[in-house]
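Scroll down for the structure; my scribbles are underneath it.
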There are 2 protein chains.
Amino acid sequence: MNLELNERRRRVLKAVIQQYIDTATPVASQDLARSLGVSSATVRNEMAALEDAGLLTHLHTSAGRLPTDAGYRFFVENLMDRAALSTQEQRMIQHQFYQIRSELNQWIHLAAAVLARTAQTAAVVTPPRAYESRFKHIELIAINDALVLMVLVLHEGSVKQQTLPADPHTTQEQLSRIAGRINELCHEASAKAIVAIAQTQPAAQPPLSSFEVLVIESVARAMQQFEEHVNELIHHDGLLEMLHQPEFGQVTRVREVLSILEGGTMLESLIPQALASDGVQVIIGGEHSRDELRDYSVILSRYGVNGDVAGVVGVLGPRRMAYPRSISSVRYIAGVMSDLMGDLYGERKIEPTE
Amino acid sequence: MNLELNERRRRVLKAVIQQYIDTATPVASQDLARSLGVSSATVRNEMAALEDAGLLTHLHTSAGRLPTDAGYRFFVENLMDRAALSTQEQRMIQHQFYQIRSELNQWIHLAAAVLARTAQTAAVVTPPRAYESRFKHIELIAINDALVLMVLVLHEGSVKQQTLPADPHTTQEQLSRIAGRINELCHEASAKAIVAIAQTQPAAQPPLSSFEVLVIESVARAMQQFEEHVNELIHHDGLLEMLHQPEFGQVTRVREVLSILEGGTMLESLIPQALASDGVQVIIGGEHSRDELRDYSVILSRYGVNGDVAGVVGVLGPRRMAYPRSISSVRYIAGVMSDLMGDLYGERKIEPTE
DNA sequence: AGTTAGCACTCGGCGGCCAAGAGTGCTAAA
DNA sequence: TTTAGCACTCTTGGCCGCCGAGTGCTAACT
C-alpha cells in the first residue's frame with residue numbers, strides 16, 4: 001500500500017481519520033489548518049491528493065472529507081498510535097476476572113461485557129473449544145422412577161447435561177456403578193472412538209447392557225453435536241453501547257446489525273478464519289466477503305491454549321470505529337482469557353503477537 | 001368496569017381496537033360504518049360516548065380514534081375472541097419440544113424462540129426454579145495438578161460448575177471418595193443446612209478435611225448465589241420480530257426496549273408477581289408500576305410443577321399488541337413447559353386456568 | 001515550486017408557506 | 001334515534017428560497 005506518502009500528507013490523513021472517528025462528521029480543510037500550521041488551501045490540496053490516492057472521499061462537492069476503506073486500512077497499519085489501556089483499566093479488568101476465576105461458564109459473559117464497555121461497541125465471544133473434544137467424565141443421577149440425568153464433562157472443561165429414560169427402579173448405586181464402568185471404557189476417548197466402543201464393545205468383559213449402550217451412544221451423540229454446533233454458542237453483548245453511535249439513527253440499521261449478530265453471519269466466515277490465524281485480525285467495511293457487513297468493521301482475536309483449546313473474542317462496530325482503542329481492548333482481553341485458560345490447563349498460552 | 005355498554009357500543013369498541021391493532025393507525029368512523037351497517041355519523045356518536053367513558057382517545061381534533069389503556073383492558077376482559085393456536089401450529093410446537101425433550105438447558109431457549117415467533121414480539125423466559133433448592137449430587141473431577149472441577153446438581157435438575165484449588169497430586173479416586181462422602185452428608189439438604197454442616201460437622205466420624213470443608217462451603221455458596229441471582233438467568237428472544245412494529249420507528253424506542261429487556265426492569269416486579277399468581281397475567285401500558293414500561297404491555301404466565309419448581313414465560317410488546325394471539329401463545333407454551341416439567345418430576349403440573 | 005488569499009460555485013439543510021386530505025363535531029332534517 | 005351536510009381543525013407533503021459550509025480553481029506571493 002502506498003508508502004510514498006510524504007510526512008505532511010500522512011499527518012493530514014491521520015488527522016482526518018481521527019477527527020472523523022471522533023465526530024462522525026466529514027472534516028473540513030479549515031479544521032486541520034490550525035493544527036497543521038498551514039492554510040486551509042494547502043490542506044485542501046493535500047486532501048485532493050489523498051482522494052486521488054483512494055484514501056479519502058467526500059459525499060458531495062461541498063462536503064468535507066472522510067476516509068475510504070483503504071484509508072482506514074492505511075491508518076490501522078501505518079498511522080495509528082498504539083493506545084494501550086490505562087493501567088487502572090487493566091487492573092479493574094483483571095480484578096473482575098479474578099473474582100469469577102472459578103466459574104468457567106461466566107468467563108465468556110464477562111469477557112463480552114468488559115469488551116463492550118471498554119471498546120464502546122458490540123462484543124462477540126465464542127467459548128473455548130478443543131480442536132477435537134475428548135471424553136473426561138460422566139455421571140448418572142437418578143431423577144425419578146423413569147428418568148436419569150446424565151452429566152458429561154469434556155476434556156476442555158465443558159459440561160453438557162441431558163436426560164435419559166431408564167428402567168424403573170434403577171437405584172442410584174447401580175447408576176454410579178454403570179457410570180464408573182463407562183468412565184473407564186471411554187477414558188480420554190474422542191467422539192469417533194466412543195461410537196466404536198458402543199458398536200464393537202471391545203474389552204467389555206460382561207457384555208454391555210442395553211442401557212449402558214444407550215448411555216454411551218448418548219455420550220457420543222452429545223460430543224458430536226457439540227463439535228458441530230459451535231455456532232449456536234456464540235455470545236454477544238454491548239448492542240446498547242453501539243446504538244449510541246450516530247450511524248444507528250435509523251431503525252433499519254439496527255435491524256441489520258441485530259440479524260448480523262443473531263443470525264450466523266459472523267460465524268460462517270470470520271470466526272473460523274480468526275481461529276486459524278495468530279494475532280488481532282482487523283476487517284474493515286467492504287473488505288468483508290459477506291456483503292451485509294459492508295458498513296461494519298470487525299476486530300477479532302483468538303485466545304486460548306496453543307494446540308489445545310481456543311476461542312475467539314472480538315468487537316463489531318460501524319466502519320467509523322475507534323480502531324486504536326478497540327484493537328488494544330481486543331488484544332488485552334484475549335490475553336486475559338488466554339491466561340485464565342493457561343491456569344486451567346497449565347500449558348503455554350496464545351499471546352497475540354502483532 | 002363499565003358493563004353498561006350496550007351491544008352496539010361494544011361492537012364499535014371491539015372493531016376500533018381490532019383495526020387499530022391491525023393497522024397501527026387511528027381508525028376513522030368511516031372505516032366502521034360499512035361493517036356495522038350504520039352511517040359514519042352514528043359511529044362518530046358512539047365513539048364520542050366511548051371517549052367519554054375513557055375507553056378511546058384521539059390525538060388531535062381531526063384524527064381517528066385509538067384505545068386507551070382502559071379500552072384495551074375492557075377488550076381483553078370482555079370483548080376479545082379466544083383465538084387458540086391452530087392444531088397445526090400446536091403440532092409443530094409439540095414436535096420441536098419433543099425433539100429436545102432430553103436437553104434440559106435448551107428448553108428455555110426453544111420456548112423463547114417459539115413464543116417470539118408465534119406471538120410476533122419479544123419473548124421472555126426464566127428457567128424453572130425450586131422455591132428452595134435442595135442438594136442432589138456433587139461430582140469432583142481432577143482437571144490438572146492443582147485444580148478440581150466441581151459439578152453440582154440441584155434437586156430441580158439445574159447443573160452448576162465451578163473450579164476449586166486442590167492439593168497437588170490428589171488422585172481421581174480420592175476425589176471420588178470425597179464426593180461420595182459429601183453426597184451422603186448433604187443428601188437433599190437446603191443451602192442453609194449445608195452451611196450448618198460445614199460449620200458443625202455433625203455425624204462426621206472421621207472429621208472433615210480442610211479440602212472437604214472447602215468443597216461443602218463452595219456448594220453452599222453456589223446454592224445461595226443461585227437463589228439470589230435468578231435475575232441474571234432471564235432469557236429473551238424476538239427483539240427482531242418486535243422491531244418490525246411501526247412503534248419502533250425511532251431508535252430511542254429501540255434503546256428503551258433494549259434496556260428494559262437487558263436491565264433488570266422486568267424482574268424486579270413483574271416476574272415475582274407472575275410466579276406468585278395463577279393463570280395468564282396481562283399488564284397493559286400505564287398499569288405497570290414501573291414508569292419506563294408505560295408504553296408497553298406484558299403478558300406473563302407461570303409454568304412448572306405445582307408446589308415444587310416453577311418459572312415464567314411471557315411476551316413484551318408495544319401497548320398495541322395482538323392480545324388474543326399473544327395470550328393464547330403464552331398460555332399454550334406455559335402448558336407445554338409444564339408438561340415437560342411434569343414428565344421430569346412425575347407430579348401434577350400448573351395448567352393455566354383463566 | 002510550493003503556499004496562500006480570494007472568489008465563484010455547489011450542494012444540503014431548514015424554515016416558511018400553501019394546498020390537499022382526512023376526520024371530526026355540530027346542526028338540522030328525516 | 002339516525003343521518004346528511006357542512007364548517008372547522010389539524011396533519012402531511014411538496015415546493016421554494018435562503019443560508020452556510022466547503023470546495024476547487026486561479027492568480028498572486030515567497
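Computation of the quantities below employed the complete heavy-atom set of this structure, encompassing side-chain atoms and omitting hydrogens, waters and symmetry-equivalent molecules. Below, chain A is the first sequence line, B the second, and so on; all start at residue 1. What you see is a predicted model, and the numbers here were worked out from it, not measured in a lab.
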Holding to side chain to side chain contact (heavy atoms under 4.5 Å, CB included), I want the full list of residues that pass it with [X], two or more places apart in sequence or in another chain.
X      : value
B/N45  : none
B/H288 : B/L270, B/I283, B/L293, B/V298
A/Q18  : A/K14, A/F75, A/D81
A/S269 : A/S289, A/R290

Please report the distance, rounded to the nearest Å, between CD in A/E46 and P in C/dG2. 10 Å

B/Y20 atom OH is separated from C/dG23 atom C1', nearest whole Å, by 16 Å

Any side-chain N or O of A/T42 below 4.0 angstrom from OP1/OP2 of C/dT3?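 It does not, given that no N or O in the side chain of A/T42 lies less than 4.0 Å from OP1 or OP2 of C/dT3.
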
Please tell me if A/R8 has a side-chain N or O lying less than 4.0 Å from either OP1 or OP2 of C/dT3.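 Answer yes for this pair, as a side-chain N or O of A/R8 is under 4.0 Å from OP1 or OP2.
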
Contacts under 3.5 angstrom, residues 24-38 of chain A side chains, donor-acceptor by atom type, not counting sequence neighbours:
from  : atom 1 : to    : atom 2 : distance (Å)
A/T25 : OG1    : A/T23 : O      : 3.2
A/T25 : OG1    : A/T23 : OG1    : 3.2
A/S29 : OG     : A/R44 : NH1    : 3.1
A/D31 : OD2    : A/Q19 : NE2    : 3.0
A/D31 : OD2    : A/A28 : N      : 3.3
A/S35 : OG     : A/L32 : O      : 3.2

Base-contact (B) and sugar-phosphate-only (S) positions in nucleotides 13-30 of chain D, heavy-atom cut-off under 4.0 Å, - elsewhere: --------BBBBB-----

For the residue pair A/V330 and A/S301, what are the closest heavy atoms and their distance?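 The pair with the smallest heavy-atom distance is CG1-CB, 3.7 Å.
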
